[in-house]
S.K.: 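First the structure, then my questions, so here it is.
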Amino acid sequence: MGFESMSKAPWVRIDKVGEHSGEIVEIRGWLSRLRSSGKISFLQLRDGSGNIQGVMAKADVGEEIFAKSKSVGQESSLRAWGKVNPDERAPGGYELHLTDIEVLHHAEGYPITPKEHGTDFLMDHRHLWLRSNRQHAILKIRAEIMKGIIDWLDDHDFLRVDTPILTPSACEGTTTLFETDYFESKAYLAQSGQLYNEATAMAFGKVYTFGPTFRAEKSKTRRHLMEFWMVEPEMAFCDFEENMRVQEQMLEYVAQRVLEKRARELKVLERDTAKLENIKAPFVRLAYDDAVKLLNEKGVEFAWGGDFGGGDETIIAESFDRPVFVHRFPTAIKAFYMKPDPERPEVVLGADLLAPEGYGEVIGGGQRLDDLALLEQRIKDHHLPEEAYAWYVDLRRYGSVPHSGFGLGLERTVAWFCGLEHVRETIPFPRMLSRLYP
RNA sequence: UCCGAUGUAGCUCAGUGGUAGAGCAACCGGCUGUUAACCGGUUGGUCGUAGGUUCGAACCCUACCGUCGGAGCCA
């Protein structure tokens with residue numbers, strides 16, 4: 001459709017109207033809500049950048065134009081012209097005194113009304129729900145976290161080298177994978193870029209991959225999605241301790257940046273920002289052995305050698321005022337590529353980062369096994385197909401070095417920063433056990 | 001896969017054996033400062049599905065299906 005100007009008024013984004021105070025401007029957007037009386041109507045307008053209230057008085061515009069304002073359905077698209085007026089009553093500080101509107105498309109029966117809705121209904125209408133203020137706040141914070149992570153890594157000499165999504169086999173062999181046809185053979189959707197990262201780290205030194213990963217586990221909890229985004233940095237010549245320092249510095253930077261740049265969005269979500277101020281290095285370091293003792297002291301029956309459940313993680317995390325690294329897990333419960341502690345081979349040089357407030361494990365990482373013979377042995381012990389891992393073993397054959405890395409789950413981090421009940425709102429179109437639509 | 005909830009109007013819910021209800025949305029009308037606007041009216045139902053008990057079932061029983069939460073697994 002053509003947008004030939006009805007006037008000389010400039011088209012302005014709502015978040016920039018303050019630069020045009022007192023001037024006539026054009027807004028292009030959607031009607032989020034309409035209230036009207038006999039001689040005055042209030043049009044809540046949004047254009048993706050913000051919200052502003054347009055006010056139209058019959059006495060100012062006349063019968064004909066005023067009539068147009070009374071028959072606009074919720075979420076109709078329109079152009080609106082009016083004078084930008086500072087007003088103390090307006091949430092954004094400005095109102096638009098309308099002189100005219102042009103409805104581009106009349107919407108009728110918009111399903112998401114100003115009243116309450118259940119989550120399932122809203123998820124069925126996710127394509128429309130994204131228009132709400134709350135979803136805007138969450139997804140803007142998501143974007144800020146992603147940008148913060150990327151900026152920090154790029155500024156610290158990491159090279160983004162993304163890894164494949166279609167893979168020939170399991171990276172870890174333990175979890176369920178989504179299978180798809182790959183011409184005459186099978187391919188699997190990647191559950192981690194980890195092993196490929198080790199190859200690119202040997203090529204470029206410090207690398208990261210940032211993209212979607214897939215788990216076909218039938219998990220039905222507030223912390224799980226079938227498709228989620230993960231950032232996975234990997235560093236050559238990096239030991240277990242340095243790896244944790246990188247993680248805490250990166251997270252501190254991202255948290256402080258979100259607090260600074262997305263204060264308005266955090267307010268929309270009514271987030272207690274004091275909880276986020278605490279995301280400062282150094283984080284707590286708690287040996288697995290001590291975590292077991294801590295659980296026992298709190299009355300939880302837990303034997304050395306087991307893995308923590310969601311409830312256990314919450315108890316551990318709530319014992320501290322900042323994120324906690326739980327390190328040196330039993331070798332038997334961790335992946336084959338983790339490096340055993342040379343002084344205590346029954347534990348590995350790995351650490352999970354537990355977020356406070358019950359958000360659980362947001363990072364898993366550690367030092368990788370760099371010894372050729374031991375790696376070959378562990379692949380046998382885990383009954384993994386040797387041919388499939390030949391290239392991975394090669395990395396220990398040609399210039400093996402100590403190296404470490406980690407994977408941070410984006411959606412859990414977003415849920416944590418935003419203070420959400422469930423990760424499903426942290427991604428535009430969540431993929432869950434019983435949801436593939438829209 | 002297991003455990004526990006739950007399913008009634010487009011939405012959120014009430015109704016626990018005797019005529020199917022409310023608020024909101026939609027539609028019509030009224031109102032000059034609303035901001036989950038307000039006031040009056042209209043429209044709107046295979047009570048998840050299939051069987052059973054009963055004179056009579058949204059309600060009691062059985063099975064199945066869907067959804068939600070949790071466990072396991074993980075980020």
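Note on naming: letters A, B, ... go to the chains in the order of the sequence lines (proteins, then strands), and numbering restarts at 1 for each one. Heavy atoms only: backbone and side chains are in, while hydrogens, waters and symmetry mates are out.
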S.K.: Between A:Asp87 and A:Leu410, who's closer to the 5' end of RNA chain B by nearest nucleotide?
M.R.: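 Comparing both residues, the 5'-ward one is A:Asp87.
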S.K.: Find which nucleotide of RNA chain B each of A:Glu421 and A:Glu361 is nearest to by heavy atoms, and output the residue with the more 5' nucleotide.
M.R.: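 Its nearest nucleotide lies further toward 5', so the answer is A:Glu421.
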S.K.: Tell me whether the OP1 or OP2 atom of B:rG69 has a side-chain N or O from A:Arg222 closer than 4.0 Å.
M.R.: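 Result: no.
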S.K.: Is there a donor and acceptor pair closer than 3.5 Å between the side chain of A:His224 and the base of B:rC74?
M.R.: yes
S.K.: Taking only N and O in the side chain of A:His422, is any of them less than 4.0 Å away from OP1 or OP2 of B:rG69?
M.R.: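 For A:His422, the contact criterion (side-chain N or O under 4.0 Å from OP1 or OP2 of B:rG69) is met.
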S.K.: Contacts to RNA chain B from residues 125-145 of chain A, heavy-atom cutoff under 4.0 Å, which residues?
M.R.: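 Those residues whose heavy atoms fall under 4.0 Å from RNA chain B, taken from residues 125-145 of chain A, amount to none.
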S.K.: Taking the C1' atom of each, how far is B:rA22 from B:rA14, in whole Å?
M.R.: 7 Å
S.K.: With no hydrogens and no angle check, do the side chains of A:Thr209 and A:Asp162 hold a donor and an acceptor under 3.5 Å apart?
M.R.: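 Yes - a donor-acceptor pair under 3.5 Å links their side chains.
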S.K.: Reading nucleotides 38-45 of chain B from the 5' end, what letters show protein touch, with B for base, S for backbone sugar-phosphate only, - for no heavy atom under 4.0 Å?
M.R.: --------
S.K.: Between A:Phe42 and B:rG33, do the rings stack, that is, sit under 5.5 Å apart with planes less than 30° off each other?
M.R.: no
S.K.: Tell which nucleotide pairs with B:rU19, taking only Watson-Crick or G-U wobble pairs whose two distances are both under 3.5 angstrom.
M.R.: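 Paired with B:rU19, as far as the under-3.5 Å criterion goes, is no nucleotide at all.
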S.K.: Expressed in angstrom and rounded to an integer, what is the separation of A:Asp124 atom CG from B:rC11 atom P?
M.R.: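 In whole Å, B:rC11 P and A:Asp124 CG are 9 Å from each other.
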S.K.: So does A:Arg435 get a side-chain nitrogen or oxygen closer than 4.0 Å to the phosphate oxygens (OP1/OP2) of B:rU67?
M.R.: no
S.K.: Between A:Thr426 and A:Val423, is there a donor-acceptor pair closer than 3.5 Å when you use the side chain of the first and the backbone of the second?
M.R.: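 It does hold such a pair.
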S.K.: With both distances under 3.5 angstrom, what nucleotide forms a Watson-Crick or G-U wobble pair with B:rU49?
M.R.: B:rA63
S.K.: Any donor-acceptor pair under 3.5 Å joining the side chain of A:Ser219 to the base of B:rC73?
M.R.: yes
S.K.: Go ahead and name the base partner of B:rC2; Watson-Crick or wobble counts if both distances stay under 3.5 Å, otherwise write none.
M.R.: B:rG70
S.K.: Now, which nucleotide makes the Watson-Crick or G-U wobble pair with B:rG10, with each of the two distances under 3.5 Å?
M.R.: B:rC24
S.K.: If we call it a pair only when both distances are under 3.5 Å in a Watson-Crick or G-U wobble match, what pairs with B:rA36?
M.R.: none
S.K.: Return the polar atom pairs (N/O with N/O) between nucleotides 1-6 of chain B and the protein under 3.5 Å, or none.
M.R.:
none

S.K.: Side-chain N or O of A:Ser434 less than 4.0 angstrom from OP1 or OP2 on B:rU67?
M.R.: yes
S.K.: Using a strict 4.0 Å threshold on nitrogen-to-oxygen distance, state whether A:Lys147 and A:Asp151 make a salt bridge.
M.R.: yes
S.K.: Which value, in whole Å, describes the distance between the P atoms of nucleotides B:rG44 and B:rG21?
M.R.: 13 Å
S.K.: Please determine if a side-chain N or O atom of A:Arg35 lies less than 4.0 Å away from the OP1 or OP2 oxygen of B:rU34.
M.R.: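 Looking at the OP1 and OP2 atoms of B:rU34, neither is under 4.0 Å from any side-chain N or O of A:Arg35.
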